[in-house]
Amino acid sequence: MRVPILPRFLSQLARFLTGIEIHPGAKIGKALFIDHGMGVVIGETSILGDTSRSSGCHARRDRKDKGKRHPTLGDNVVVGTGAKVLGNITIGDNVAIGANAVVIKDVRQILRSSACREG
């Protein structure tokens with residue numbers, strides 16, 4: 001995906017001023033709220049639903065795949081401080097992900113997640 005120079009420049013300027021990195025190609029719903037945003041990264045193919053809230057988290061790819069590489073977050077999702085949401089996964093509506101959790105698999109709707117690992 002080719003991103004024109006002006007959106008890329010504005011994204012880098014905002015990153016310098018705020019510490020929040022949002023790729024110009026990310027799709028973001030209404031009312032995204034980022035609290036304590038230093039270090040927040042939202043990747044190019046990320047899709048964030050309406051009224052999502054995050055605090056110092058990463059929503060990004062975990063490998064160099066072609067196509068969609070970043071997570072999709074549903075509506076009313078809360079991502080805790082330091083949490084990592086990695087890869088092409090889907091987080092359902094009304095989900096709360098705890099601080100410092102590493103999420104690498106899909107999470108269903110209305111679930112509180114403090115850690116997700118293979119079992």
Side-chain angles (χ1 to χ4, degrees):
M1 178 184 297
R2 293 190 49 84
V3 178
I5 191 81
L6 183 60
R8 175 66 77 179
F9 172 76
L10 291 175
S11 128
Q12 292 302 311
L13 178 63
R15 176 183 174 208
F16 176 77
L17 295 174
T18 65
I20 300 170
E21 183 175 351
I22 301 175
H23 192 280
K27 292 178 176 57
I28 299 175
K30 297 180 266 181
L32 171 68
F33 179 74
I34 300 174
D35 190 21
H36 305 292
M38 181 60 75
V40 169
V41 177
I42 299 174
E44 176 183 17
T45 60
S46 295
I47 300 172
L48 306 180
D50 294 341
T51 63
S52 296
R53 293 181 291 167
S54 64
S55 177
C57 69
H58 294 266
R60 56 180 228 161
R61 71 175 183 228
D62 61 348
R63 56 191 177 276
K64 295 182 187 247
D65 291 340
K66 300 274 186 197
K68 181 135 172 35
R69 306 174 307 276
H70 300 92
T72 298
L73 277 61
D75 296 338
N76 302 313
V77 172
V78 177
V79 181
T81 302
K84 311 292 186 272
V85 183
L86 302 173
N88 182 15
I89 62 174
T90 301
I91 307 299
D93 296 339
N94 305 308
V95 172
I97 298 173
N100 294 317
V102 177
V103 184
I104 58 173
K105 291 187 173 187
D106 292 349
V107 179
R108 294 173 289 146
Q109 295 182 7
I110 311 174
L111 183 73
R112 305 226 183 269
S113 174
S114 59
C116 292
R117 58 185 159 173
E118 291 186 38

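Hydrogens, waters and symmetry mates are skipped; everything else that's a heavy atom, side chains included, is used. Index from 1, following the sequence.
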*Asks:* Nearest 0.5 Å, what's the CD-NZ distance between Glu44 and Lys27?
*Replies:*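 Separation between the atoms: 9.0 Å.
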*Asks:* Rounded at 0.5 Å granularity, tell me how far NZ in Lys84 sits from CG in Asn100.
*Replies:* 6.5 Å
*Asks:* Kindly compute the distance separating CG (Asp50) from CG (Leu73), expressed to the nearest 0.5 Å.
*Replies:*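 It is 12.0 Å, given to the nearest 0.5 Å.
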*Asks:* Please check this pair: side chain of Asp75 against backbone of Gly49, looking for a donor-acceptor N/O pair closer than 3.5 Å.
*Replies:* no
*Asks:* Kindly indicate whether the side chain of Ile91, heavy atoms from C-beta on, has any atom under 4.5 Å from the side chain of Val103.
*Replies:*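 Yes, close enough: below the 4.5 Å cut-off.
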*Asks:* Verify the cluster assignment for Val78 and Val41: are they in a single hydrophobic cluster under the rule of side-chain heavy atoms below 4.5 Å apart?
*Replies:* no
*Asks:* Hydrophobic clusters here meaning ILVMFWY residues chained together by side-chain heavy-atom distances under 4.5 Å, can you tell me if Val40 and Val85 are in one?
*Replies:*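 Yes, Val40 and Val85 fall within the same hydrophobic cluster.
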*Asks:* Please answer whether the main-chain N or O of Thr90 pairs with a side-chain N or O of Asp106 as donor and acceptor at a distance below 3.5 Å.
*Replies:* yes
*Asks:* Can you tell me if Ser46 and His70 form a side-chain donor-acceptor pair at under 3.5 Å?
*Replies:* no
*Asks:* For a quick check under 3.5 Å, do Asn94 and Asn76 share a side-chain donor-acceptor pair by atom type?
*Replies:*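 On atom types as modelled, these side chains qualify, holding a pair under 3.5 Å.
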*Asks:* Would Val77 end up clustered with Ile20 when hydrophobic side chains under 4.5 Å apart are linked, directly or stepwise?
*Replies:*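 Same cluster.
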*Asks:* Between Ile22 and Ile47, is there a shared hydrophobic cluster once you connect ILVMFWY residues whose side-chain heavy atoms come closer than 4.5 Å?
*Replies:* no
*Asks:* Once rounded to the nearest 0.5 Å, what's the spacing between atom CD1 of Ile89 and atom NZ of Lys68?
*Replies:*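 Here the rounded value is 9.5 Å.
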*Asks:* If I take atom CD1 from residue Ile28 and atom CG from residue Leu48, how far apart are they, to the nearest 0.5 angstrom?
*Replies:* 5.5 Å
*Asks:* Of all the heavy-atom pairs spanning Pro24 and Pro7, show the shortest one and how long it is.
*Replies:*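 Result for this residue pair: CG-O, 3.7 Å.
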*Asks:* Quick check: closest heavy atoms across Gly43 and Ala26, and the distance to 0.1 Å?
*Replies:*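 Looking at all heavy atoms of both residues, the shortest contact is O-CB, 3.4 Å.
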